[in-house]
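These notes concern the structure reproduced below.
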Protein chains: 2
Amino acid sequence: MATVTVENYIKQIYLERLKIKGDVVSMGSIATALEVAPGTATTMVKSLADSELVEYEPRVGVRLKDNGEKMALGLLRRHRLIELFLVKILGLDWSEIHDEAEMLEHVLSDKVMEKIDVLLGRPKIDPHGDPIPSATGMLDERNLVPLNQCEIDLKIKISRITDQQADFLKFLEKNGLMPGVTITIIERNQFADSIMIKIDEGESISLGSAAAKKILVELIS
Amino acid sequence: MATVTVENYIKQIYLERLKIKGDVVSMGSIATALEVAPGTATTMVKSLADSELVEYEPRVGVRLKDNGEKMALGLLRRHRLIELFLVKILGLDWSEIHDEAEMLEHVLSDKVMEKIDVLLGRPKIDPHGDPIPSATGMLDERNLVPLNQCEIDLKIKISRITDQQADFLKFLEKNGLMPGVTITIIERNQFADSIMIKIDEGESISLGSAAAKKILVELIS
DNA sequence: TGCCATACTTTGATTAATCAAAATTATAAA
DNA sequence: TTTATAATTTTGATTAATCAAAGTATGGCA
């Protein structure tokens with residue numbers, strides 16, 4: 001049985017890989033993401049390699065093997081189902097569920113996860129718009145566009161938030177910018193690095209590109 | 001912050017104390033209950049004493065201090081609320097909730113526990129009939145009698161099961177012997193070490209005294 | 001081509017929790 | 001009172017995870 005620490009490394013390697021072009025994750029990015037000393041990451045990754053969860057090439061980086069990928073997807077599934085559960089069933093705010101799920105994903109039994117899955121109606125998407133892998137490890141990533149790369153005057157739907165910092169989520173919620181909401185970009189200013197959006201039947205808000213980049217949207221045909 | 005291990009020792013010391021007359025728990029009972037080597041228990045208890053959670057007298061035993069008692073009651077509350085939650089909200093069987101709760105009690109945040117408490121209507125009793133301590137650490141133990149010490153021909157109500165082994169609970173469930181059910185002892189045989197009980201409007205079952213002792217009942221006036 | 005900054009790995013220690021086995025103390029029996 | 005047995009503590013090791021700091025490669029720049 002994998003320890004909580006092992007599970008966290010595997011999940012983080014998976015998440016880091018999503019951010020890059022290739023499929024070899026650097027030691028540095030792992031150490032930074034997990035907030036451990038570089039040497040600690042090296043030691044752990046070597047032991048993950050001994051367990052056949054990853055392939056490790058010194059001075060190059062690490063790549064998940066099938067076992068590891070399966071474990072990562074399982075954890076992602078747990079994490080996202082738990083987040084949805086915390087919002088839908090227990091009524092927590094979406095800004096406070098991430099850290100909670102981070103702990104629970106290592107502890108809930110498969111039996112409990114199955115009950116939660118059924119209770120929620122086998123959902124496909126979590127409260128931040130992240131897709132929930134199936135029990136068999138299938139993950140369907142939708143084709144979404146960052147809000148800052150969107151054209152002006154089109155009707156678009158907020159579909160996914162890629163930053164789960166509590167403060168950012170609270171800001172979005174206060175301004176009605178949650179997944180499902182439809183908006184239009186009414187103005188963009190390259191030099192001011194900002195866009196102005198208008199919520200359907202609602203207010204207008206100005207966003208910097210750093211914030212807009214974290215909001216993924218879908219065009220409404 | 002106390003580790004999971006520390007929490008488990010504290011809780012176990014509390015539970016062992018309930019089983020005895022005095023309030024000093026022996027090292028041996030702790031080691032046995034937690035399934036660790038005797039020396040391990042000694043080491044840990046000494047460190048609990050350093051943390052001011054217990055008083056430890058070598059070769060004598062250990063007694064919870066106020067801090068420790070508070071922690072134990074907090075854990076008991078979590079454990080029992082979680083058990084009820086697993087049965088009532090997630091629909092698990094009462095025979096499979098103990099081990100699950102054993103893990104979750106160390107991980108769920110106070111915020112989540114409060115949501116669960118509210119969702120369940122601030123319950124006072126868990127699925128096995130164990131009382132749930134209040135958030136302030138109050139615990140009202142009812143005055144219950146072991147079934148094997150009960151008089152014959154009285155109407156009594158099953159109120160609490162003190163053994164949470166899955167197999168025993170499954171046996172009870174299959175025979176309709178769950179908290180809330182009213183029964184009558186229709187026969188007892190000192191020498192055969194058994195009693196015969198009859199469920200109201202239902203079947204008769206014979207129980208050995210070892211099993212009957214684990215079923216606590218209440219007289220119906 | 002050679003050097004150097006940066007990224008990475010190694011080394012030596014530390015902490016929490018554990019064990020087996022040896023040493024000690026207390027208890028109950030003779 | 002002495003002794004044997006049972007309970008407890010000590011000792012010396014181990015495992016998982018971590019750190020700081022010292023050592024080592026590698027890739028780009030001069």
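Computed over heavy atoms, backbone and side chain alike; hydrogens, waters and symmetry mates excluded. Within every chain, numbering begins at 1; the chains are lettered A, B, ... in the order of the sequence lines, protein sequences first and strands thereafter.
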Problem - Six-ring centre of Phe168(B), Lys214(B) cation under 6.0 angstrom, axis tolerance 45° - result: yes

Quick test: give all pairs of protein nitrogen or oxygen and nucleotides 2-5 of chain D nitrogen or oxygen below 3.5 Å, distance rounded to 0.1 Å.
none

Handout entry: Within residues 55-64 of chain A, residues whose heavy atoms come under 4.0 Å of DNA chain C
Key = Tyr56(A), Pro58(A), Arg59(A)

Exercise for the section: Identify whether the distance between the nearest side-chain nitrogen and carboxylate oxygen of Lys19(B) and Glu16(B) falls below 4.0 Å. Expected result: yes

Exercise for the section: Go through residues 35-52 of chain A and report each residue with a non-hydrogen atom lying under 4.0 Å from DNA chain C, sorted by number. Expected result: Pro38(A), Gly39(A), Thr42(A), Lys46(A)

Exercise for the section: Would you please indicate if the ring centroids of His128(A) and His98(A) are separated by under 6.0 Å? Expected result: no

Problem - For Glu57(B), salt bridge (charged side-chain N to carboxylate O under 4.0 Å, His left out) partners two or more places apart - result: none

Handout entry: Arg188(B) (side chain) donor-acceptor with Ile152(B) (main chain) under 3.5 angstrom
Key = no

Problem - Expected output: side-chain Arg142(A) to main-chain Ser159(A) donor-acceptor under 3.5 Å - result: yes

Problem - Salt-bridge criterion met for Glu141(B) and Arg160(B) (N-O under 4.0 Å) - result: yes

Practice task
For the residue pair Ser26(A) and Ser29(A), confirm or rule out a side-chain donor-acceptor distance under 3.5 Å.
Solution key: yes

Practice task
Would you please name every residue forming a side chain to side chain contact (heavy atoms under 4.5 Å, CB included) with Pro146(B), sequence neighbours left out?
Solution key: Asn148(B), Gln149(B), Leu216(B)

Practice task
Indicate yes or no: does Arg122(B) engage Asp117(B) in a salt bridge with an N to O separation below 4.0 Å.
Solution key: yes

Handout entry: salt_bridge(Lys170(B), Glu173(B)) N-O dist < 4.0 Å
Key = no

Exercise for the section: Considering only NZ, NE, NH1 and NH2 on the basic side and carboxylate oxygens on the acidic side, decide whether Glu69(A) and Arg17(A) come within less than 4.0 Å. Expected result: yes

Fill in the blank from the handout: With a 4.0 Å cut-off (strictly under) to non-hydrogen atoms of chain B, the first and last hit nts on DNA chain C, 5' to 3', are dA17(C) to dT25(C)

